[in-house]
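Contents: one structure, followed by commentary.
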Amino acid sequence: MQITAAVAHASGGPLGIETLELDDPRPDEILVRLDATGLCHTDLAILDQVPLRWPAVLGHEGAGVVVRVGASVRALAPGDHVVLVAASCGDCASCRGGQPSYCLCYQSLNLGGGRRPDGSWTHRQHGRPAFGSFFGQSSFATYALATERNAVRVDADLPLQLMATLGCGVLTGAGAVLNTLRVRPASSVAVFGAGAVGLAAVMAARIAGCASITAVDTRPQRLRLAAELGADRTIDAGDTDAVAVLEKSGGVDYAVEAAGHVAVMQQAVAALAPGGEAALVGVTLGQSVRLDPTLLQSRGLTVRGTLAAGRGSPADLVGRLAGHWREGRLPIERLVTVFDFADIGTVVERARVGSVLKAVLRMPHLE
């Protein structure tokens with residue numbers, strides 16, 4: 001079938017709205033008509049830094065309605081509203097242990113060669129293969145192929161333009177706090193980076209009952225929003241040594257790094273109190289973090305990497321977060337600006353310079 005997609009033809013290049021051909025769903029796949037897709041920092045990092053097979057269709061925060069299902073699909077049916085998350089194999093030790101975010105096939109399924117695991121192509125342009133299957137979806141398009149493993153059914157009355165953010169960004173920030181760190185009530189948390197992921201971590205820390213929540217960033221407007229969403233203290237790292245401020249109060253029990261900078265990751269670890277734990281969320285492709293082992297040993301610190309839902313099921317966490325949104329405890333709408341899909345090129349440029357907090361693209365059939 002023909003679809004409309006935002007297509008990239010070179011690293012760091014613009015995205016153009018073009019027509020592609022999408023394969024029919026295989027027996028284990030579903031066809032989703034996308035209502036919305038979020039724009040995530042990972043999309044930008046891959047687009048700007050990773051050579052792909054061009055043309056390419058990225059996007060991994062899709063939300064929409066199932067229109068067709070393959071013969072072996074049992075958990076979903078046409079008409080179901082779904083949020084698309086990262087793909088996982090379902091067979092490895094991590095998947096069997098209830099941690100599909102750490103699937104042993106994660107790299108090949110989500111960031112691999114732009115095709116299905118069996119080597120077949122999902123997308124073509126003018127009869128030639130195009131890079132697709134990004135995170136098992138390639139959601140910068142009007143339709144996407146996915147599987148029931150990476151499609152989470154949500155209630156039909158939930159706004160898909162907000163729920164799309166649960167596919168990665170909000171899921172990852174909240175998952176770092178609720179699933180990876182599993183913060184204790186009445187504990188202290190510092191969140192380094194008050195973008196959409198960091199602000200999701202702030203809201204999750206408030207939901208978890210943390211007694212002290214500190215947000216660290218260099219943008220005053222983001223710090224103001226962090227305070228409105230639950231941060232008790234904000235630190236402008238542009239003119240203040242955040243680690244020194246936190247150390248004066250004995251450090252924090254937990255730290256979440258959501259800025260995507262190596263130096264900030266080191267600061268998050270240095271700000272921990274003895275026995276503290278840090279979760280590293282930010283994307284730093286091709287870079288290494290230098291940590292002092294004496295610091296880790298003398299303070300008994302733990303440093304964790306985290307993706308998506310962290311140490312838990314994305315489907316379960318999406319459901320929990322949707323419930324918190326209904327209760328008014330996770331006001332995702334405070335983060336989101338909705339744009340028309342046709343404006344994705346401009347939106348990408350705004351996201352690159354940080355002038356939009358969380359962009360969500362509305363598909364043309366909703367106009």
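Keep in mind that what you see is a predicted model, and the values were worked out from it rather than measured.
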Test side chain to side chain donor-acceptor pair (under 3.5 Å) applied to Arg184 and Tyr254, step by step: CA-CA 9 Å; Arg184 302 184 307 273; Tyr254 303 99; 2.9 Å; yes
Pair Glu277, Arg304 - check salt bridge (Lys or Arg N to Asp or Glu O under 4.0 Å), show working. CA-CA 7 Å; Glu277 298 183 42; Arg304 300 182 182 277; 3.1 Å; yes
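Thr165 places no side-chain N or O within donor-acceptor distance of the main-chain N or O of Val170, the cut-off being under 3.5 Å. A distance-only check finds no donor-acceptor pair linking the side chain of Gln137 to the backbone of Leu145 [under 3.5 Å]. Remark: the backbone N or O of Ala190 is not paired with any side-chain donor or acceptor of Arg233 at under 3.5 angstrom. A donor-acceptor pair is defined here as one N or O able to donate and one able to accept, closer than 3.5 Å; such a pair exists between the side chain of Arg329 and the backbone of Ile207. At distances below 3.5 Å, not a single donor-acceptor pair connects side-chain atoms of Ser11 with backbone N or O atoms of Gln49. The backbone N or O of Arg350 sits less than 3.5 Å from a side-chain atom of Ser355, completing a donor-acceptor pair.
Relative ring orientation between Tyr106 and Phe135 is described as perpendicular, the plane-to-plane angle rising above 60° on a 0-90° scale split at 30° and 60°.
Salt bridge annotation for Asp232-Arg206: present, with a cationic side-chain nitrogen under 4.0 angstrom from a carboxylate oxygen. Electrostatic pairing of Asp155 and Arg326 counts as a salt bridge here, judged by a charged N lying under 4.0 Å from a carboxylate O. A salt bridge between Arg334 and Glu228 is present, with a side-chain N of the basic residue lying under 4.0 Å from a carboxylate O of the acidic one. Between Lys358 and Glu61 a salt bridge is recorded (basic side-chain N to carboxylate O distance below 4.0 Å). At a threshold of 4.0 Å, the pair Glu349-Arg352 counts as salt-bridged, since one of the basic side-chain nitrogens sits closer than that to a carboxylate oxygen. Between Arg68 and Glu29 there is no salt bridge, since no side-chain N of the basic residue sits under 4.0 Å from a carboxylate O of the acidic one. Ion pairing of Arg124 with Asp23 is absent here, as no side-chain N (NZ or NE/NH1/NH2) approaches a carboxylate O to less than 4.0 Å. The pair Arg299-Glu247 meets the salt-bridge criterion, since a charged nitrogen lies less than 4.0 angstrom from a carboxylate oxygen.
No side-chain N or O of Asp28 forms a donor-acceptor pair with one of Thr147 less than 3.5 Å apart.
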